[in-house]
Amino acid sequence: MTSKFSLNHQQSKAIKIENTNALVLAGAGSGKTLTIIERVSYLLDRGVNPKRILVLTFTRRAAQELIDRLRTRHSHLDSMVLAGTFHRFCLSSIRSHPHFFQRHVKAIVIDRGDQVSLMKLCRKEVLEHHEPSTFDGELDIPKTSALVELLSYIRSTDTSVFSYLTKFYKDNTQQENQAINDIFNQYKSKKENQRYLDFDDILIDFANRVAKDKELAQIFKKAYDHVLVDEIQDTNVIQWRILENLVNPAWLYCVGDDAQSIYSFRGANLANLQEFTRRVKNSEKLKLTINYRSTQSILSLANYILAQSSWDYDKELTAVHPLGEKPKLIDFQNATQEAEWIVGDIKGKLANNAKIKDFMVLTRTAWSVRTLEAILVEKKVPYKFVGGTSLLNSAHVKDLLALCRAAINPNDELSWVRWLSIFPGIGPKKALLASQAVRKAEDDTDKILAYFDKAFKQYPLIGTCLKLVWAYQKDPADMLDKIIILLEPEVSKLYDNWHARKNDWKLIATLATRHDSITSFIEAYTLDPVTSSAASLSDNENKNALTLITIHSAKGLEAKVCYIIQSQEGSFPHSRSTTKEEIEEERRVLYVAITRAKEELIITRASNFHGESFSQREYFLAKLAKKDELVDYQNKINLFCKDYFRNFRYR
DNA sequence: GCTTTGACACTTTTT
DNA sequence: GTGTCAAAGC
């Protein structure tokens with residue numbers, strides 16, 4: 001089968017390489033996705049059994065796109081290659097080999113929110129226990145969410161708690177380090193007791209089990225002939241270890257770009273890319289340097305951003321496309337004006353025959369897209385937001401799912417507490433007691449029902465709901481429909497904007513129709529969260545909705561017209577990044593954002609203060625307004641306000 | 001002793 | 001919009 005794209009010699013060499021492991025260094029827009037797709041396609045054409053090919057992608061979206069495109073190209077094949085994220089692959093492997101993962105059979109995958117809730121309990125318990133024994137009780141322990149991040153980072157980089165703390169928390173006392181370590185141990189034991197699997201467990205448990213068990217190792221060593229990995233610069237040491245167990249004899253084929261490494265906060269290890277040829281025997285390094293995505297004007301701006309760095313990125317991309325329009329840089333008085341202008345600009349272009357899928361609005365933080373969302377709702381422009389708070393993370397949806405989780409895994413303390421607390425008169429204390437009593441019943445449903453009949457007599461709804469979940473385990477959508485009717489009178493009292501939240505419950509029930517068990521439903525949406533705005537649209541509506549997306553989620557995507565919003569000081573680099581390495585990563589984030597645009601790039605800023613900055617921090621766009629050769633600058637701050645602020649500042 | 005209520009702060013990026 | 005704390009209420 002021939003491709004409809006014509007490949008350049010760099011690409012066709014990369015695609016047809018034989019009898020070697022390969023690392024393809026592919027600059028932004030040089031056809032990274034295309035290379036992977038064409039490579040798999042080439043292998044299929046050469047008669048490789050699709051089941052012997054594994055593709056590990058960075059997001060589920062990338063995997064889906066790959067599968068879709070291969071299906072149309074190779075419609076005669078009755079099976080397709082396996083493609084998914086590392087987490088997806090490891091979890092599926094755990095689920096399909098229950099014999100080797102006994103402990104995981106009843107386990108449930110928990111998301112960040114649950115990790116934080118669990119860590120909060122651990123932090124409290126350990127500190128209460130610790131404090132009387134210290135001199136003044138003043139231990140300076142990071143906040144719960146920071147602890148979750150810390151532990152995840154330590155585990156993803158495969159370092160020990162103490163060695164990490166002594167290196168990066170130099171001011172900590174011995175007691176403080178000990179307390180943090182105790183909290184982490186407590187977290188581990190609670191997690192195991194309650195049969196939770198966090199994101200890191202999925203990778204680590206799989207990697208460890210394969211390392212320890214020769215029989216299992218053999219199964220995976222023999223499973224594939226070709227393993228392909230996208231975005232290798234964003235993989236961590238654990239993921240590398242997993243790869244080592246899947247390849248040789250299988251060939252390893254990796255694609256990546258060091259200038260697009262933006263996940264080091266999650267433990268991504270650039271060495272996986274940089275040391276590739278040294279680590280992997282019989283391997284070759286190839287480069288793709290020609291950009292097929294963007295106009296030269298857009299690339300020039302991207303090059304300018306990287307050139308400001310003291311790092312040597314070696315990334316002067318050249319475009320095949322003509323110069324094109326200069327990127328725009330526009331200053332607005334505030335976020336509302338910014339949002340209104342963007343919506344107006346998009347509507348104008350739509351009236352001029354543009355398609356809504358030609359646009360992408362990029363944001364550094366999920367937070368800063370809120371004003372725009374409000375304006376889009378007001379002006380009735382359909383949109384979907386990718387990234388940000390997922391539907392499953394909103395309070396009222398958690399209430400609903402807590403019941404299902406508790407019923408299926410009665411050891412799930414967090415869920416019992418959450419769910420029982422929706423009833424008036426039951427708070428955390430009573431709920432915790434109940435959950436401990438339930439645990440003693442050891443999954444015996446009759447005993448659990450008997451307990452609630454006795455101890456919670458005035459709440460007959462509890463037993464009714466539990467029985468319903470147990471009865472409809474195989475039909476989650478039907479079950480949720482029934483539960484919603486039962487619980488709505490109770491839960492609606494808890495929220496003053498119930499009307500808006502009610503829709504999300506219906507959405508959950510609709511999404512569940514695609515699954516045959518609550519566990520698989522929860523797993524699917526924990527590993528691949530959807531926002532309410534995206535979930536509420538049908539597949540067809542999704543195609544006709546404006547995409548708002550965090551830059552981190554936008555990796556690998558492109559659009560004709562890109563808006564990078566809220567780009568004022570504090571966004572690039574983000575004000576929370578402090579170290580040199582963090583700031584450098586922020587530069588790459590901006591680089592990734594700019595290189596998403598194919599034809600038109602509009603960078604907008606909205607802030608009360610502009611121009612010369614008083615802060616000593618580096619701001620990547622500080623001098624851009626004056627660079628006529630790079631951007632077309634427009635100032636839309638109205639004069640009255642400018643005067644007002646000038647006076648205000650000198651007062 | 002436990003739950004409810006109201007006032008307040010804070011809001012990076014993700015599997 | 002969610003988390004946290006203290007004080008009021010049962």
Side-chain angles (χ1 to χ4, degrees), chain A residues 56-63 84-91 109-113 115-117 120 123-124 143-146 148-149 152-153 155-156 197-204 206 231 234-236 238-239 242 261-268 362-370 373 386-390 393-398 417 420-433 493-497 500-501 504 523-529 531-532 549-555 566 570-578 582-583 585-586 588-590 592-593:
Chain A
L56 294 166
T57 55
F58 192 69
T59 62
R60 223 194 66 120
R61 262 193 318 281
T85 60
F86 274 90
H87 287 85
R88 225 324 122 211
F89 168 74
C90 292
L91 186 62
V109 175
I110 59 168
D111 62 14
R112 270 305 286 278
Q115 290 189 58
V116 170
S117 312
K120 193 193 292 165
R123 187 179 188 275
K124 211 173 136 200
K143 276 192 272 175
T144 310
S145 57
V148 171
E149 228 129 274
S152 178
Y153 186 86
R155 297 182 74 203
S156 307
L197 275 181
D198 66 23
F199 288 127
D200 303 315
D201 292 328
I202 296 174
L203 300 184
I204 293 171
F206 177 76
E231 313 276 12
D234 286 321
T235 54
N236 61 33
I238 310 289
Q239 290 166 325
I242 290 166
S261 151
I262 54 173
Y263 279 95
S264 71
F265 69 90
R266 213 172 74 184
L362 296 149
T363 174
R364 173 64 185 82
T365 66
W367 176 252
S368 51
V369 87
R370 278 169 181 269
E373 276 192 89
V386 186
T389 309
S390 99
N393 254 322
S394 47
H396 51 296
V397 173
K398 276 176 154 177
V417 171
L420 294 174
S421 302
I422 68 172
F423 297 97
I426 305 180
K429 283 279 147 75
K430 276 184 199 158
L432 190 65
L433 283 175
K493 285 185 261 174
L494 301 176
Y495 302 99
D496 42 16
N497 56 348
R501 292 175 185 260
D504 287 344
E523 266 170 23
Y525 289 98
T526 306
L527 288 184
D528 184 31
T531 53
S532 162
I549 192 165
T550 58
I551 298 167
H552 283 81
S553 304
K555 221 150 69 109
Q566 295 276 306
S571 288
F572 300 109
H574 190 273
S575 46
R576 292 282 287 259
S577 51
T578 49
E582 281 170 339
I583 288 174
E585 178 150 308
E586 293 289 308
R588 296 190 294 264
V589 171
L590 180 57
V592 167

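The basis for the numbers below is simple: all heavy atoms, side chains too, and nothing from hydrogens, waters or symmetry mates. Letters go in sequence order (proteins before strands), and every chain restarts at 1.
For A/Ser394, the listed nucleotide lying nearest its side chain is C/dT2; candidates were C/dT2, B/dT11, B/dT14. Among the nucleotides B/dT14, B/dT15, C/dG1, the one closest to any side-chain atom of A/Arg370 is C/dG1. Side-chain atoms of A/Arg364 lie closest to B/dT13 of the nucleotides B/dT14, B/dT15, B/dT13. When distances are taken from the side chain of A/Pro428 to each of C/dT2, B/dT15, B/dT3, the shortest belongs to B/dT3. Closest to the A/Lys429 side chain, of the nucleotides B/dT3, B/dT12, C/dG1, is B/dT3. Of the candidate nucleotides B/dT11, B/dT15, B/dC2, B/dT11 has the atom lying nearest to any side-chain atom of A/Trp367.
Counting non-hydrogen atoms under 4.0 angstrom, A/Arg501 reaches the backbone sugars and phosphates but no base. Counting any heavy atom pair closer than 4.0 Å across all strands shown, A/Ile202 reaches no nucleic acid atom. Among the heavy atoms of the strands, none lies under 4.0 Å from A/Phe86. Using a 4.0 Å heavy-atom criterion, one finds that A/Asp198 contacts no nucleic acid atom at all. Using a 4.0 Å heavy-atom criterion, one finds that A/Glu231 contacts no nucleic acid atom at all. Backbone-only engagement by A/Lys120 is indicated by non-hydrogen atom pairs under 4.0 Å involving sugar-phosphate atoms exclusively.
Note on ring orientation: taking the six-membered ring where Trp is involved, the planes of A/Tyr495 and A/His396 are perpendicular (angle over 60°, cut-offs 30° and 60°).
Atom P of nucleotide B/dG6 and atom CG of A/Asp496 are separated by 11 Å, given to the nearest angstrom.
The side-chain ring of A/His87 is not stacked on the base of B/dT15, judged by centre separation under 5.5 angstrom and plane angle under 30 degrees. Stacking between A/Phe265 and the base of B/dT13 is present: ring centres sit under 5.5 Å apart and the planes differ by under 30 degrees.
No donor-acceptor pair under 3.5 Å is formed between the side chain of A/Lys430 and the backbone N or O of A/Leu420. Looking at A/Ser577, its side chain never comes within 3.5 Å of a backbone N or O of A/Glu582 through a donor-acceptor pair. Remark: the backbone N or O of A/Glu231 is not paired with any side-chain donor or acceptor of A/Thr235 at under 3.5 angstrom.
Neither OP1 nor OP2 of B/dT12 sits under 4.0 Å from any side-chain N or O of A/Ser571.
Scanning atom types as modelled, one donor and one acceptor separated by under 3.5 angstrom connect the side chain of A/Arg112 and the base of B/dT14.
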